[in-house]
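As a basis for the values below, the full set of heavy atoms in this structure was taken, side chains included, without hydrogen atoms, waters or symmetry mates.
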Amino acid sequence: MSSSIPARVRFAPSPTGHLHLGGARTALYDYLLARQTGGQFILRIEDTDRKRLVPGAEEEIMAGLRWLGLQWDEGPDIGGPYGPYRQSERKELYQEYARQLIESGNAFYCFCTPERLERVRTEQQKNKIIPHYDGTCRNIDPDEALRRVKAGEPHVIRFKSPQEGSITVKDVLRGEITVENRTIDDYILVKSDGLALYHLAAMVDDHLMKITHVIRGSEWLPTLPLHSHIHRALGWDEPQWVHLSVFLKPTGKGKMSKREAADLIKDGHSIFVKDFNDLGYLPESVVNWITLMGWSYDDHTEFFSLPDLVEKFSLDRLNPSPAAINFTKLDHFNGLHIRDLQVTDFSRRIKPFFVSAGLNPDDATLLKIAPIIQERVATLDEAPEIAGFFFKPTVNPTAEELTAKGLTAAQSADVARKCLSILESVTEMTPEAAEPPMRALVEELGLSAGQVFGIVRTAVTGQRVSPPLFESMEIIGKTEVLKRMRLAISLLDAAG
RNA sequence: GCCCCCAUUGUCUAGUGGCCUAGGACGUGGCCCUCUCAAGGCCAAAACUCGGGUUCGAAUCCCGAUGGGGGCACCA
């Protein structure tokens, strides 16, 4: 248990694309900390960049969080005591604090044109020095600057980074980080259109929303000193800073590119939360999986439900090193969680996959097949592949598929005929009634169970791999089983 | 180029100076179970990046190198 003080944490995505695994993990940790401490999990939309806004992205992010089971307590859709929760609706707030920063000498108006800045940057790059603001407007007399602003001259507001000394900031995972102030650029806080940038907007919101822990990706580590400076300049206490490691591609070599991310779907994988449901993954599995990429409970426990995690999560067991995404392990967790499901729940969850496979599953049959396929699928979408024959009017195996290993087609037909007569004579098509005489036949024929049952399996299911034969035949029913057997025999006879 | 972060088997990780002949999991190989496929059980191979310190003692602390990652926008 990391803290008994109620934590107020926020997940603050920008609506510029899909919710991906990295964001999902951040949101998950936010959620866990909030629930564990009896605090609040806040959803804030960082949409200050109107140009990059993607229609529908906000809704997709919310749908993704809901799918994972991470319901927020305050957010743009449900409001809350510290709203609005969309930065585009908080513009005036940021301007007010920018003014404060200017008045206290911690920020300044900058009138440099983008063109000039671009020239300076290319010059700096040519001379192999760190691209940074050259300080042209830093020392314009404040009254003079104000006069130019009032006169309507285009301008931005920049943070006036201290030029001497150093700053030490504490990250929960990495301890104290110290950097020289001169390496911190005079970042732009407010754009020429009057909208604040992340560096100002997020700090203002975190403070106003009383955020206690800022959990975010490690890509923010380089600007952490800036953020700390802003808090201090405004006279605010800082939240706990928690910078999570990044997710690397499966090879462990670098972040996944857009192209690579899009290509994953061909292998039944994805890094976008929106895709996992259709790929047959349970939200429980995804949660379990991403939790363990960067966090551990002890040296052996790996199976967790969301409520487990609420109880067991702790910030001090977070791991700062980058983690390669391992989809094989997701499959493993998915199998574990599938088998952990109640049978009725499992049957309910596989239904849509039969439907999208073009089949017409009825709930009663679904409930019967659920227990015999539950431990045979790694992902839900495999259900119709392994059990689709239950809902098909006919199955069409080839004579070759029907022929048992080590036997000819004619011999297999013979075996099938003997099986048929046993199955015909059986009073009930149950494993109890059908299996003993079938086993006796195997014995009598001197063949292996695999050879004999294999012929029946293929005849009845149309597949060489299927759920247990006798249980399957019981579900299909005697009439249909006999029908399929007769068809198989005729197929075999034709080939022999 | 500059700044920051990270460093245990192929991968996710445990390990916070002696309990480590380094533990667990996925994957891999073998065996068992077995009507196929799974599931399950058992076994095996597989790691402390390197070099210096500190210490009686280092995977664990310090320094350096190397490697990897991230950042250097009027994006977030």
Side-chain angles (χ1 to χ4, degrees), chain A residues 12-17 46-49 51-52 87 110 112 114 117-118 121 124-125 127-132 154-158 171 173-174 177-180 183-185 187-193 195-199 201-202 216-225 243 245-246 248 250-255 289 292-303 317 319-333 335 339 372-378 382 386 435 438-439 442 448-458 461 463-470:
Chain A
S14 66
T16 52
E46 311 223 320
D47 57 350
T48 51
D49 187 353
K51 292 189 294 289
R52 294 204 311 153
Q87 291 189 327
C110 172
C112 297
L117 261 15
E118 185 53 42
R121 194 175 304 127
Q124 288 170 334
Q125 277 163 353
N127 296 330
K128 303 249 189 252
I129 58 172
I130 329 159
H132 66 285
H155 64 278
V156 299
I157 296 173
R158 286 180 184 273
D171 173 75
L173 282 75
R174 299 152 229 270
I177 296 164
T178 302
V179 298
E180 297 298 319
T183 65
I184 305 170
D185 203 359
Y187 285 91
I188 291 175
L189 264 22
V190 178
K191 294 184 279 184
S192 53
D193 64 3
L195 264 168
L197 251 27
Y198 177 90
H199 298 127
R216 59 195 341 189
S218 67
E219 65 269 24
W220 292 109
L221 227 31
T223 44
L224 173 60
H243 292 87
S245 62
V246 290
L248 272 22
T251 56
K253 303 285 179 204
K255 276 214 291 194
W289 178 51
L292 258 15
M293 299 181 69
W295 179 84
S296 62
Y297 177 63
D298 58 18
D299 64 350
H300 66 280
T301 315
E302 290 211 313
F303 184 87
R317 292 197 64 87
N319 184 324
S321 45
I325 294 173
N326 182 350
F327 291 107
T328 317
K329 189 126 188 184
L330 169 61
D331 287 342
H332 167 70
F333 279 125
R339 276 169 256 138
I372 61 172
I373 66 168
Q374 193 163 1
E375 66 183 29
R376 283 162 229 277
V377 294
E382 290 170 7
I386 186 178
E435 191 165 352
M438 288 289 284
R439 294 247 174 226
V442 168
S448 73
Q451 285 174 303
V452 177
F453 295 176
I455 296 170
V456 181
R457 179 193 315 284
T458 310
T461 70
Q463 304 168 181
R464 300 205 97 151
V465 171
S466 83
L469 219 211
F470 297 100

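- Rounded to whole Å, the separation between the P atoms of B/C74 and B/G27 comes to 48 Å.
- Using a 4.0 Å cut-off between a side-chain N of Lys or Arg and a carboxylate O of Asp or Glu, A/Glu302 and A/Lys329 qualify as a salt bridge.
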- Full working for ring-ring contact (aromatic ring centres under 6.0 Å, His included) between A/Phe470 and A/Phe453: CA-CA 9 Å; A/Phe470 297 100; A/Phe453 295 176; 5.2 Å; yes
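- B/U66 is paired with B/A7 under the criterion used here, namely a Watson-Crick or G-U wobble arrangement in which both key atom distances are under 3.5 Å.
- Pairing partner, B/U28: B/A44, with both Watson-Crick or wobble hydrogen-bond distances short of 3.5 Å.
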- Message: Does the protein touch nucleotides 61-76 of chain B at the base, only the backbone, or not at all? Give it as B, S and - per nucleotide, heavy atoms under 4.0 Å.
- Response: --------SBSSSBBB
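- A/Thr301 places no side-chain N or O within donor-acceptor distance of the main-chain N or O of A/Tyr297, the cut-off being under 3.5 Å.
- Under the rule for a ring-ring contact (aromatic ring centres under 6.0 Å, His included), the partners of A/Tyr198 that lie at least two apart in sequence or sit in another chain are A/Trp220, A/His227.
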- Query: For nucleotides 17-35 of chain B, read 5' to 3', which letter fits each nucleotide if B means a protein heavy atom sits under 4.0 Å from the base, S means only the sugar-phosphate is that close, and - means neither?
  - Reply: ------BBBSS-------B
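- No engagement by A/Ile386 is indicated, since no non-hydrogen atom pair under 4.0 Å with the nucleic acid exists.
- When heavy atoms are screened at a 4.0 angstrom cut-off, A/Val456 is found touching no nucleic acid atom at all.
- In this structure, A/Arg317 reaches the sugar-phosphate backbone alone: every heavy-atom distance under 4.0 Å involves primed, P, OP1 or OP2 atoms, never a base.
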